[in-house]
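See below for the structure under consideration.
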Amino acid sequence: MRIHRLEVQAFGPFAGRVDVDLDAAASAGLFLVHGPTGAGKTSLLDAVCFALYADVPGSRSRRSLRSDHADPGTPPEVVLEVTVAGRRLRITRSPEWYRPKRRGDGTTRVQPSVVLEELRSGRWAALSTRHDEVADVVKDLLGMGLQQFSTVVLLPQGEFARFLRAEPEERRALLERLFDIGVYSDVEQWLAETRRTGAAELDEARSALDADLLRLADALEPLATADADTALAEGPLEQLQDRLGAVAADLAERLTDSLAALDAAEGAEGAAQQALADGRAVAAARARGEAAQARLDALEAAAPEHDARTRRLEAADRAAGLRGHLAAVERLGREVTDLERAVGDGRRRVADLGVEVGDDADLLAEQVAALDDTVAAVARHTEAARDLGTALAEGTARAETLRARHARLLLELPAARTLAADAAALVTRLSVEGGRTTDLAAAVAEEERRLALLDEVEADRAARAALDPALLAARDALSERLADLIGLRQRRLDEMAAELATALAEGEPCPVCGGTEHPRPAHATDPVTPQQLAAAEDEASAARATLSGLEARAGALDAAVRTRREVLEGADRSTVVAARDAATASLAQARAAEHRLAEATAEQARAGAEAERLSTLVEQTATTLGTLEQRLGEVTAEAESVRNRLAEDLAAHADCPCRGTEPAHHRSVHRVLASLALEQDALVAAHQRRDEAAAALEAALAEAGFAAVDEVVAALLPVAETDRLRDLVLAHGRDRAAARTVLDDPDVAVALASPAPDLPALVEAHGAARRAALAGSAAHDVLVRAGRALDRLRPALEEQAALVVRLAERHARVRDLADTVAGTGADNTFRMRLSAFVLAARLEKVAALANERLAVMGAGRYLLEHSDDRAARGARSGLGLKVLDQWTGRVRDTATLSGGEAFMASLALALGLADAVREEVGGLDLGTLFVDEGFGSLDDDSLEQVVSVLDGLREGGRAVGVVSHVADLRSRITHQVVVTKGVSGSGVTVRAGDAAPAA
C-alpha cells in the first residue's frame with residue numbers, strides 16, 4: 001500500500017483546505033513530519049484512518065472530527081489517494097456535521113458521505129458512494145481492520161512502550177486485537193459451553209432417574225418393601241438392573257399366591273349369593289299368592305255394583321251414536337234464521353241507495369257490473385284532467401321565473417369576466433416580480449461576500465503592517481547572531497594552533513609539520529570551546545527560523561490581499577455598499593410580490609370560477625326554459641284530449657240502474673246488489689238442507705231403539721263420565737283375570753305350600769362371603785398395580801441409569817479438557833489458555849523479528865526474549881517478555897531499561913509486530929509507514945543508529961514517515977512535512993531536499 005496524496009478541510013485543527021503531497025515528501029524514502037505540540041501531526045494520521053475506515057484510532061469520537069476553527073458553512077472533508085494491490089484509488093469522505101439553516105436560526109444535520117474512485121486510463125471513475133460497499137473494498141484490498149492498520153502502518157510508540165512493560169494479561173489484549181485467534185477462542189468457548197451443557201444434561205438425566213425411582217417407590221410402598229426400595233435408590237447405578245430383576249421375581253411369586261386365595265374367596269361368595277337369591281324368590285312367590293287371593297275375594301263381593309255400571313254404559317253408547325243427527329238439525333235451523341235476517345238487511349241497504357229492486361236482484365247486479373269499466377275510465381280521466389291543470393299552472397309560473405333569472409344573469413356575466421381578466425393580469429405581473437427572488441438573494445449574498453472580502457483585506461493589511469516592526473527586529477537579531485557566529489569561528493581559527501598544541505605529546509609527530517620535537521608550542525589567549533560555537537550556531541538557527549516564519553506570514557498576508565483584490569476587481573467599499581443596498585431593496589420588493597402572489601392567485605381562481613359559473617348558469621337557464629315551454633304546449637294538448645274522453649264516458653253511463661254520476665256511488669250499488677243476490681241463493685239452499693237433516697234423525701231413532709228424542713237426551717252422558725264408567729268396568733275384569741293368573745302359577749303354588757325362608761340369616765352369610773372376596777381382590781389389585789408400575793418403569797430406569805453413567809463419563813472427560821484449555825486445570829501449571837498459548841508462539845515470532853532491528857539500533861547489546869516463567873500468586877503465565885543483556889550475559893526485566901533503551905526496544909518491537917501482522921494478513925506490501933514520536937529520549941549515537949534502521953526500511957521503495965518534534969532530526973532528514981499552528985487553525989507545508997530548514 002502506497003499513500004500518494006492527502007487533502008484535509010475543516011478537519012481537526014485544519015480550518016481551510018490542506019494539500020499534503022506525500023509523493024514529493026517521500027521522494028527520498030524517509031521524511032519527517034514535525035511541528036509544535038498540538039499543531040496537528042497526529043491529526044494527519046487520523047485523517048488517513050478516517051478516509052479508509054470512517055473512524056479514527058483511540059478514544060476520540062467521530063462526531064468531534066470537524067474543526068472548530070472552520071467557517072460554520074464549510075463542510076469537513078478528507079481526500080486520500082492511495083495505491084493498493086496495484087489499483088490507484090481516491091477516497092473522498094465527510095463525517096456527520098451540522099450546518100447553519102438557510103432560513104432562520106439553528107442548524108441542520110448533514111449525513112456522512114463517501115465517494116470511492118479508481119484511476120483508469122488516466123481518468124477517475126466512480127466505483128461506489130455506499131459506506132458498506134467502500135468498507136468491503138478497503139477490507140478486501142488491505143486485509144486488516146482499523147486496529148491492525150493503526151498498529152502496523154502508524155506504529156504508535158507510546159502504546160508499544162506500554163506493551164514492552166505490560167503484564168502478560170495486558171499484553172494479551174493487544175495481541176488479540178492484532179492477530180486472528182478466533183478459531184482458538186471459539187474452541188475455548190465451545191469446550192466451556194460443552195462443559196456447561198454436559199453438566200446440565202447430566203443433572204437433567206439424574207433428576208429424571210430420581211423421579212422414576214420415587215414413582216417406583218410410591219408404587220411399591222403398599223407392599224411394605226421399604227428396605228428393598230432404599231436399596232434400589234442407594235446402590236450403584238451399574239447394579240440397578242440386577243436389583244430391579246430381584247424385585248420383579250419377588251412380586252411375581254406374591255401375585256401367584258394372591259390369585260389362588262382370590263379364586264377361593266370368590267367361589268364362597270358365589271355360593272352364598274345363590275342361596276340368598278333362592279330364599280328371596282320363595283318369599284316373593286308366597287307374597288304374590290297371598291295378595292292375589294285377597295284381591296279375588298274383594299272382586300266377588302263387588303259383583304252387583306259392576307253389573308249396574310255395565311248396563312248404564314251400554315245405553316250411553318247407543319245414545320252417543322245419535323249425537324251427530326241432533327246437532328245437525330239444531331245447526332241448520334240456526335243457519336236458516338241467520339240468512340233470513342241477512343236478506344232483509346240487504347234489501348234495506350239497496351233501498352237506501354235509491355235503487356228499486358224486486359225479486360230479481362241478480363239481473364240488476366249484472367247490469368251495474370257491465371258498466372264498471374266505463375265508471376273506472378270516468379274516474380281515471382277526471383283525475384288526469386285535474387293533474388294536468390295543476391301541472392300547466394305550475395309550469396307557466398316556473399317559465400316566468402326562468403325568463404327573469406336568464407335576463408339577470410345576462411347582465412352579471414360581463415362584469416364577472418372583466419374581474420377575472422384583471423386578476424389574471426395581476427398574477428402574471430407578481431409572478432414575474434417574485435421569480436427574481438432567488439437571483440436577487442444570490443446578488444445580495446454576493447455583495448455581502450464582497451464586503452466580507454473587503455473586511456478581510458483591511459484586516460490582512462493591518463496584520464501585515466503590524467508585522468513590519470517584528471521583521472525589522474528579526475533581521476537585526478539574525479545579523480547580530482551571524483556576526484557573533486562569524487566572530488567565534490574566526491577566534492577559533494586564530495586559536496587553532498593552540499588547540500592543536502594541546503594534543504601534542506613528546507615523541508609523537510605533529511599533525512601539521514610531522515616533527516617529533518615541539519620546542520615552542522602555542523598557547524591560547526582567547527580560546528573558543530565547541531560548546532560555545534554550537535550554542536552560537538543554535539542561536540543563529542533560531543533567529544533564522546524566526547525570521548523565516550515572519551517572512552512566510554508576511555508573504556501569505558500579501559498574497560491573500562492580492563488574491564482578494566483580484567476577486568473584488570478594484571471595487572471600493574462605497575460601490576459595494578451601494579450595490580448591496582440596491583440589491584436588498586429589489587429583493588424586498590420581489591419578496592413582497594412573492595408574498596402577494598398567493599393571495600392574487602387565489603383571487604384569480606375565485607374570479608375565474610365565478611365567471612365560469614355565471615356563463616354556465618346562462619346556458620343552463622336558456623336550455624331549461626326552452627325545454628319547459630315545449631313541455632307546456634304538450635301538456636295543453638293532452639288536457640284537451642282528456643276532457644273529450646271524459647265527456648264520452650259520462651254519456652255512456654247515463655242509463656246505469658245506479659241512477660248516479662259519481663264512480664263511488666256506482667261501486668257501492670254494485671257491491672250491495674251482488675251481496676243481496678248471494679244471500680238470497682244461500683237462504684234457499686239452507687231450507688233444503690234443514691229438511692233433509694230432520695228426515696235422517698227420525699230414521700236413526702228407530703234404528704237405535706229409542707221412541708223419541710227425549711229418551712236419547714236422557715241416556716246421553718258427558719264424555720268424562722262415560723270414560724270413567726268404562727275404566728271401572730274394564731278394571732274389574734283385568735283385576736279378576738290377573739289374580740287368577742297369579743294363583744295358577746306353579747311357583748306360587750309351591751311357595752304357598754312350603755315353609756317361609758329365614759332371609760336375615762341368608763343376608764348375613766352372603767355379606768361375610770362378599771367382604772372376604774373384596775379383601776382378596778383389593779390385595780391382588782395392589783400387587784397387580786405394583787407389577788404394572790414395575791413393568792412400565794423398569795425399561796426407562798435401566799435406560800436412564802445407563803444414560804447417567806455415559807453422561808457422567810463424558811462430562812468428566814470434557815470438564816478436564818475444558819479446564820486445561822481454559823488454564824484452570826490442575827495439569828496446566830502455567831495457567832495458560834489455548835489462545836494464550838497460540839499468542840505465545842506469535843510473540844516468539846515478534847521477538848525474533850524485533851531482534852533483527854534491535855541488533856542494529858542497540859549495537860548488538862540487547863535481545864528480546866519470550867518468557868513463559870510461572871507468574872506469582874497463581875496469575876496467568878506464557879506472555880512474558882525479558883531482555884538479554886549480551887554484554888553481561890544476564891536476563892533483565894523490561895522495566896529496568898532506560899528511556900532511550902526502552903524507546904529502541906519498543907520501536908524494534910513495533911517494527912517486528914508490524915512484520916508479523918503483515919505475514920498474518922497475507923504479506924501485504926506496505927509502501928508507506930509512519931513512526932510516531934519517542935525520539936527525544938535518544939543520545940546522538942543511538943539516534944544515528946535508529947535513523948539508520950529507519951533508512952533500512954526504505955528498501956523496496958518503501959516510504960517511512962517519522963513523526964517527531966526533535967530538532968536534530970530536521971538536519972538529518974531533509975524531506976519534511978511541516979505542520980504549523982495559529983489562532984485561525986493549522987497549516988501544512990511540504991519541503992523537499994534543500995528547501996528544508998536547518999536545525
Side-chain angles (χ1 to χ4, degrees), residues 1-27 29-62 64-70 74 76-83 89-95 138 142 146 149-159 910 926-935 950 958-966 969-970 973 975-982 984-992 996:
M1 184 198 75
R2 184 64 174 245
I3 300 175
H4 302 286
R5 180 180 296 275
L6 175 66
E7 295 182 30
V8 176
Q9 174 181 280
F11 185 90
F14 304 104
R17 180 168 289 274
V18 172
D19 187 353
V20 184
D21 188 352
L22 289 175
D23 283 340
S27 58
L30 186 65
F31 63 96
L32 176 67
V33 181
H34 74 88
T37 301
K41 301 186 296 297
T42 305
S43 294
L44 292 177
L45 306 183
D46 289 345
V48 173
C49 294
F50 178 75
L52 291 172
Y53 296 100
D55 203 352
V56 294
S59 59
R60 274 193 293 176
S61 171
R62 285 178 292 179
S64 61
L65 296 179
R66 190 179 185 278
S67 176
D68 295 332
H69 300 284
T74 302
E77 185 178 75
V78 175
V79 181
L80 179 69
E81 291 186 25
V82 62
T83 296
L89 303 176
R90 181 168 69 187
I91 304 175
T92 303
R93 196 184 293 272
S94 177
V138 172
L142 291 180
L146 174 61
F149 180 85
S150 62
T151 303
V152 171
V153 178
L154 305 185
L155 300 181
Q157 291 307 297
E159 184 171 352
L926 297 178
T928 305
L929 291 176
F930 292 92
V931 182
D932 190 3
E933 287 298 348
F935 297 90
L950 296 178
R958 181 182 297 148
V960 180
V962 177
V963 182
S964 177
H965 55 267
V966 175
L969 290 176
R970 301 178 195 172
I973 305 174
H975 286 64
Q976 301 173 5
V977 176
V978 182
V979 184
T980 59
K981 68 177 180 179
S984 59
S986 298
V988 178
T989 304
V990 176
R991 296 175 179 173

(request) Under the side-chain contact (heavy atoms from CB on, under 4.5 Å) rule, collect the residues that match up with His69, sequence neighbours excluded. (result) Ala15, Ser67

(request) Take Arg5 and Val20 through the side chain to side chain contact (heavy atoms under 4.5 Å, CB included) test and state the conclusion after the steps. (result) CA-CA 6 Å; Arg5 180 180 296 275; Val20 184; over 6 Å; no

(request) Identify the two heavy atoms, one from Thr980 and one from Ala39, that lie closest to each other, and give their separation to 0.1 Å. (result) C-CB, 4.2 Å

(request) Please test Phe14 against Val979 for side chain to side chain contact (heavy atoms under 4.5 Å, CB included), starting from the C-alpha separation and ending with a verdict. (result) CA-CA 10 Å; Phe14 304 104; Val979 184; 4.2 Å; yes

(request) State, yes or no, whether a side-chain contact exists between Asp55 and Cys49 at a heavy-atom distance under 4.5 Å. (result) no

(message) Check whether Arg2 reaches the backbone of Asp23 with its side chain - one donor and one acceptor, N or O, closer than 3.5 Å.
(response) no

(request) Quickly, which of Arg66, Arg17, Gln9 forms a side chain to side chain donor-acceptor pair (under 3.5 Å) with Glu77? Name it, please. (result) Arg17

(request) Hey, could you give me the OG1/CZ distance between Thr83 and Arg90, rounded to the nearest 0.5 Å? (result) 13.0 Å

(request) To the nearest 0.5 Å, tell me how far Phe50 CZ sits from Arg93 CZ. (result) 6.0 Å

(message) Can you tell me how far apart CG (Leu22) and CG (Leu44) are? Round to the nearest 0.5 Å.
(response) 8.5 Å

(request) Please report the shortest heavy-atom distance between Ala51 and Leu80, naming the atom on each side. (result) CB-CB, 3.7 Å

(request) Might you point out which heavy atoms bring Val990 and Ala24 nearest each other, and give the distance in Å? (result) CG1-CB, 4.4 Å

(request) Give, for atom OG of Ser94 and atom CG of Leu65, the distance between the pair rounded to the nearest 0.5 Å. (result) 10.0 Å

(message) If you define the side chain from C-beta out and look only at heavy atoms, does anything of His975 sit under 4.5 Å from Ser27?
(response) yes

(request) Let me see the working for His34 and Val978 under side chain to side chain contact (heavy atoms under 4.5 Å, CB included), right down to the final yes or no. (result) CA-CA 5 Å; His34 74 88; Val978 182; 3.4 Å; yes

(request) Before giving the answer on side chain to side chain contact (heavy atoms under 4.5 Å, CB included), spell out for Ile91 and Val138 the whole-Å C-alpha distance, their side-chain angles and the decisive distance to 0.1 Å. (result) CA-CA 10 Å; Ile91 304 175; Val138 172; 4.2 Å; yes

(message) So, taking the atom named NZ in Lys41 and the one named CG in Leu32, what distance separates them when rounded to the nearest 0.5 Å?
(response) 9.5 Å

(request) Can you measure from CD1 (Ile3) to CG (Leu52) and round to the nearest 0.5 angstrom? (result) 7.0 Å

(request) Find out whether Leu6 and Val48 are in side-chain contact, i.e. whether some heavy atom of one side chain is under 4.5 Å from a heavy atom of the other. (result) yes

(request) Identify the two heavy atoms, one from Ala25 and one from Val977, that lie closest to each other, and give their separation to 0.1 Å. (result) CB-CG2, 3.7 Å

